[in-house]
Undergrad: 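Structure below; questions to follow.
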Amino acid sequence: VSARLSVLLCTEGTYPFVGGGVSTWCDLLCRELDDVDFTVWAITGEPEVEYRYTVPDNVREVVHLPLWGTDEPAQFILADVPFAEILRRRRATTPAVVEQEFVPLLRRLLRAIDGAGDALEQGRLFVTLWHYFQRYDWKHTWRSEPAWNAFVDEALRPYRGETAFLEVEEPSVHDLTTAMRWLYNYLIELNAPVPRVDLVHTTIAAFAGLAGVIAKVEHGTPLLATDHGVWVRERYIALADAGLSPYGKRFLTQLSALVSRVVYAYADVVSPVTNFNRRWEEPWGVEPTRIQTIPNAVDPQLFLPRPKPPHTAGRPVVVAAARLFPLKDIETMIRAADVVRRSIPDVEFLLYGALDADPPYVERCRALVAELSLESTFRFCGHHPNPVELYAEGDLTALSSISEAFPYTVLESMSCARPVVGTDVGGVREALQGFGVVVAPRDPEAFGAAVVMLLQDDALRVELGRRGRDEVLARYRISQAIDAYRSLYGRLTAEGRAAA
Amino acid sequence: VSVETLVDDVIERSELPLDRWEVAALLESEGVRDLDARERYGHADVFGLADEVYAKARARVRADPPSRRPPARDPWLRRMGSGLVHYAHGSFFLIPMTVQVIALFAFGFGLFISLDFTHSQFTAIAIATIASFVVTDGFVAALGRLAGVYGDQGKHALAQASAGRVLALGIGAAGLVAAAWLVVAAVTHVLFPHRLVSVAVGYFLLLSLLWLSTALLYVVRQRRAIVLATVVGLAAVGLLGAAGLGLYASQWLAIGSAAAFALIWGGTLLALRTRRATGPARLARMPRAALLVYSVLPYFLYGGLYYGFLFSDRLVAWAGPGRPEGWTLWFRTPYELGLDWALTSLLPSIALLEYTINRFGEDLVPRQKRTSGLAIADLNRDVLRFYRRQVALFAVVTTASAAAFYLLGLWLRRFDDVPKIHDFFASETTFDVHHVGLIGYSLFAFGLLNGVFLGTLSRPWLVLRALAAGTLVSLVTGALLTRTLDEYWYAAVGMAAGSAVFALMTTWSAVRLLRRADYHVYAAY
């Protein structure tokens with residue numbers, strides 16, 4: 001028995017293949033917990049990805065599970081399984097086997113997607129499916145005629161006879177085809193051999209977390225689920241905006257909701273990065289006793305208070321760090337800049353952040369700047385080469401989002417002793433109360449007034465900055481978050497051993 | 001902001017709100033907080049407000065439900081236009097062929113044929129040509145399946161790597177066959193006299209190289225370059241001949257230069273695209289060899305069997321009674337002319353296949369979207385009706401074209417004083433072969449039409465099985481008939497029987513699949 005703890009770190013569309021906040025957090029976790037052996041269970045959309053992070057030595061293996069983009073998913077999902085075994089499974093997957101062993105499970109799965117059963121039972125169903133797919137072929141099973149017939153029959157059941165559904169909500173043949181192929185793609189993890197570890201830590205309560213459910217049911221392995229955003233909430237929003245057909249939206253949303261509920265149900269601990277997430281976690285089946293908030297953290301030795309650099313010194317400057325897309329509501333920030341200019345004509349807003357996320361939105365923002373003649377007041381500066389120096393360029397930092405979890409930009413700015421004017425969304429109030437100014441979202445007048453107030457009151461601004469820095473040192477240091485995860489790992493594995 | 005406005009916003013974003021959770025998530029994403037829910041709307045929190053908004057939105061949607069928006073069909077004229085474009089596209093393969101035929105009649109030579117050849121030379125080179133098709137076409141099909149698809153997906157590095165490997169394998173296979181041929185010819189006296197063996201093997205190797213390299217031009221979707229390669233080759237034959245080089249040498253150099261032209265053009269383009277590739281596709285990696293072979297195998301076998309079938313009756317006929325001493329196979333001019341005449345009649349039908357593939361593919365998703373899941377049988381009926389229409393169209397085109405080319409033949413026969421025309425119709429066997437061949441090729445092309453549906457539904461093994469059975473029947477029936485009735489051209493009857501088996505088996509498969517089009521379209525991945 002190795003003295004080192006082994007952890008399966010489950011990611012979805014993030015570490016180590018995609019950059020961003022969650023990935024950076026994973027990278028930090030793996031590096032700092034160097035006494036732990038990690039296996040990364042990385043789900044991505046397409047197979048064509050490259051490493052965005054150099055994984056440290058204690059990351060023993062990266063299991064890459066692409067959902068789409070391969071004719072033969074076995075290429076990735078069964079990368080270590082000999083071809084002879086793949087062929088054996090393929091031959092064993094006869095229509096009779098599918099009919100007898102798979103079809104009953106498929107019917108139960110579809111009822112579960114429709115909301116039947118409790119989450120623990122639904123979780124066991126996923127494990128039974130996983131068992132089936134350790135013996136039989138993924139592609140041949142899903143492509144088989146009995147499976148399709150059962151799918152169609154079960155999927156149409158709620159729409160037959162008297163129903164509350166509108167005609168437009170009925171599935172077309174195309175909807176059915178797409179929906180069953182979604183199962184084939186999204187659940188592909190159920191075909192993969194799950195490594196034996198001491199603890200499963202999923203970074204999202206989504207498909208990637210099913211590996212944890214399997215390990216828990218099979219071996220009693222403890223499961224920890226960290227919630228950066230609440231995936232099911234984000235999924236509701238993304239799918240509402242995705243332009244799917246009514247049936248497609250319902251099916252995919254319900255599938256996501258099912259998976260999320262199951263992961264929540266099997267998690268020994270759910271660790272949101274902000275208390276704000278609890279408002280969703282609790283009604284989604286996580287009792288408060290299983291929730292332990294471990295806030296996001298920053299490195300105060302990197303994000304140091306610095307004097308303003310020469311090119312902004314002597315002018316009132318507001319900085320913001322945000323990729324340009326609608327949830328950041330940059331338009332409100334622009335209108336607020338207009339409000340501020342009325343009192344402080346030489347004010348300057350510097351917006352740092354990638355401009356490629358949503359080009360039409362960027363155009364809308366530029367048009368608004370032009371319409372308000374704010375060209376010399378509001379600047380789009382693009383990506384900042386060195387984020388740790390970004391906040392020092394301003395006197396304060398602005399965050400105008402209409403939706404957030406626990407934004408790093410707030411903590412980083414506080415660490416740099418620059419107070420933040422932020423909108424009251426997600427965990428922003430939690431972080432800013434007493435250290436910045438919280439205003440209602442989508443209210444340029446209030447936002448602008450808060451900025452003016454802080455820019456004109458040097459003493460208050462400096463005081464808030466100092467207090468913010470102290471708050472980061474007291475509560476949001478990386479070492480604290482890492483210690484919290486380390487002790488959680490220890491506690492959960494000790495409990496797991498005691499239970500076993 | 002009133003509750004009604006919130007309802008408007010929610011319906012605007014989510015046409016049919018699903019449940020309170022969706023509404024709550026959308027409200028939160030619009031910046032609505034618990035504070036707002038309490039102070040402005042009198043609810044405990046956003047979820048309470050979401051319940052009200054959801055109920056109101058649902059009631060509104062129920063009172064005035066949005067209607068289904070099935071995809072609109074293109075206007076009749078545009079469908080007609082795109083159909084013609086597909087048909088023209090499908091006819092493209094005729095161009096390099098026509099270029100060769102024109103050259104043959106205008107100058108008396110082609111890339112690997114010449115009116116100056118003796119009958120013995122004809123036989124040897126024809127066998128070499130057939131062998132080159134049968135040996136390389138599996139690799140040609142694999143090239144298209146692997147490198148062609150990778151290229152279309154923008155995975156140019158993979159296209160280049162797989163093209164390189166398949167080409168190397170194909171050239172290697174041709175080399176092995178050539179070596180085996182030489183060894184067997186040295187030891188025994190099968191096929192034909194020694195003096196022609198090296199000629200035949202020379203043509204075989206160079207033609208194999210030519211087919212493989214022109215396949216590269218298909219891979220990079222440069223079909224026009226194939227015409228150019230053919231013209232380059234023909235010009236080389238003419239120039240070298242005029243410069244006093246012998247016919248073999250001229251043709252070999254010409255085939256070699258056409259192949260080199262195709263290889264350099266296609267290879268350079270692949271290399272350029274690989275170098276310029278951007279985006280995630282450039283990161284694609286090749287699957288492990290076993291999986292690759294597994295997925296390409298049916299296409300590889302299909303390539304080889306396709307020509308195996310097409311030439312099966314010729315082999316039987318050439319091996320039939322009436323051969324000179326020392327020749328296992330003997331080229332039969334009247335037979336060839338009859339078959340070529342019949343094949344020409346079928347070309348318009350072959351071009352039709354491209355149209356059918358595209359129309360079927362284009363209409364599939366709109367068809368699925370139009371049909372409610374509760375009326376799944378309608379979809380299958382609809383698809384079967386489409387199939388029947390394609391069959392009817394095929395029958396009309398085939399009949400019309402067969403009649404036209406037959407009448408053209410009869411009309412040409414009136415110019416019996418022109419030597420070439422006189423030679424063409426010199427034997428009554430040509431007519432017999434034409435009639436039987438026409439039936440055979442029509443059935444074969446009809447089988448290919450079925451194959452279009454089976455291929456689109458990703459069931460290549462069904463086509464392959466039918467093709468293998470057809471080839472076997474063609475060989476066995478042909479051999480039995482020619483031997484028992486002592487008439488070599490009955491090989492054509494064997495071919496017709498094989499085609500009938502191919503057509504029957506593929507029809508049975510196609511109808512069976514299309515009856516359950518709902519399932520088979522789903523499973524086509």
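Convention: sequence-line order gives letters A, B, ...; per-chain numbering from 1. This one's a predicted model, so the numbers in the text were calculated from it and none came from an experiment. Heavy-atom basis, side chains included; hydrogens, waters and symmetry copies ignored.
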Undergrad: By a 4.5 Å heavy-atom criterion (distance strictly below it), what part of Trp142(A) contacts chain B: side chain, backbone, both, or neither?
TA: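 Both the backbone and the side chain of Trp142(A) come within 4.5 Å of chain B.
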Undergrad: Measuring heavy-atom distances to chain A, does Arg370(B) have an atom under 4.5 Å in its side chain, in its backbone, in both, or in neither?
TA: neither
Undergrad: Please classify the contact between Asp19(B) and chain A as side chain, backbone, both or neither, with a heavy-atom cut-off of under 4.5 Å.
TA: side chain
Undergrad: Establish, yes or no, whether the cationic atom of Arg235(A) lies under 6.0 Å from the six-membered ring centre of Tyr186(A) and within 45° of the ring axis.
TA: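 Here Arg235(A) passes the 6.0 Å and 45° test against Tyr186(A).
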Undergrad: Where does Val23(B) contact chain A at under 4.5 Å (heavy atoms): side chain, backbone, both or neither?
TA: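 Neither; nothing under 4.5 Å.
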Undergrad: Do Ser245(A) and Lys369(B) have side-chain N/O donor and acceptor atoms under 3.5 Å apart?
TA: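 No, Lys369(B) and Ser245(A) have no side-chain donor paired with an acceptor closer than 3.5 Å.
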Undergrad: Checking Leu16(B) against chain A: side chain, backbone, both or neither under 4.5 Å from a heavy atom?
TA: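 For Leu16(B), heavy atoms of backbone and side chain both lie under 4.5 Å from chain A.
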Undergrad: Please classify the contact of Ala257(A) with chain B as side chain, backbone, both or neither, using a heavy-atom distance under 4.5 Å.
TA: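 Nothing of Ala257(A), per the 4.5 Å heavy-atom cut-off to chain B.
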Undergrad: Between Tyr184(A) and Tyr525(B), is the ring centre distance below 6.0 Å?
TA: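 Aromatic pair counts; centres sit under 6.0 Å.
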Undergrad: Under a 4.5 Å cutoff for heavy-atom pairs, which residue among Glu234(A), Glu170(A), Arg279(A) has the most contacts with chain B?
TA: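 Ranked by contacts with chain B, first place is Arg279(A).
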Undergrad: Between Asp175(A) (side chain) and Ser172(A) (backbone), is there a donor-acceptor pair under 3.5 Å?
TA: yes
Undergrad: Between Arg13(B) and chain A, with a heavy-atom cut-off of 4.5 Å, which part of the residue counts as in contact: side chain, backbone, both or neither?
TA: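 Arg13(B) touches chain A through backbone and side-chain heavy atoms alike.
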Undergrad: In terms of heavy-atom pairs under 4.5 Å with chain A, which of Leu35(B), Ile376(B), Val10(B) leads?
TA: Ile376(B)
Undergrad: Tell me, for Ala24(B) versus chain A, whether the close heavy atoms (under 4.5 Å) come from the side chain, the backbone, both or neither.
TA: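 Interface part for Ala24(B): both.
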Undergrad: Please look at Ser372(B) and chain A and tell me whether the side chain, the backbone, both or neither of the residue comes under 4.5 angstrom of a heavy atom of that chain.
TA: both
Undergrad: Considering only heavy atoms, which portion of Arg62(B) lies under 4.5 Å from any heavy atom of chain A: side chain, backbone, both, or neither?
TA: both
Undergrad: Relative to chain B, which of Pro283(A), Ala74(A), Ser144(A), Pro47(A) shows the most heavy atom pairs under 4.5 Å?
TA: Ser144(A)
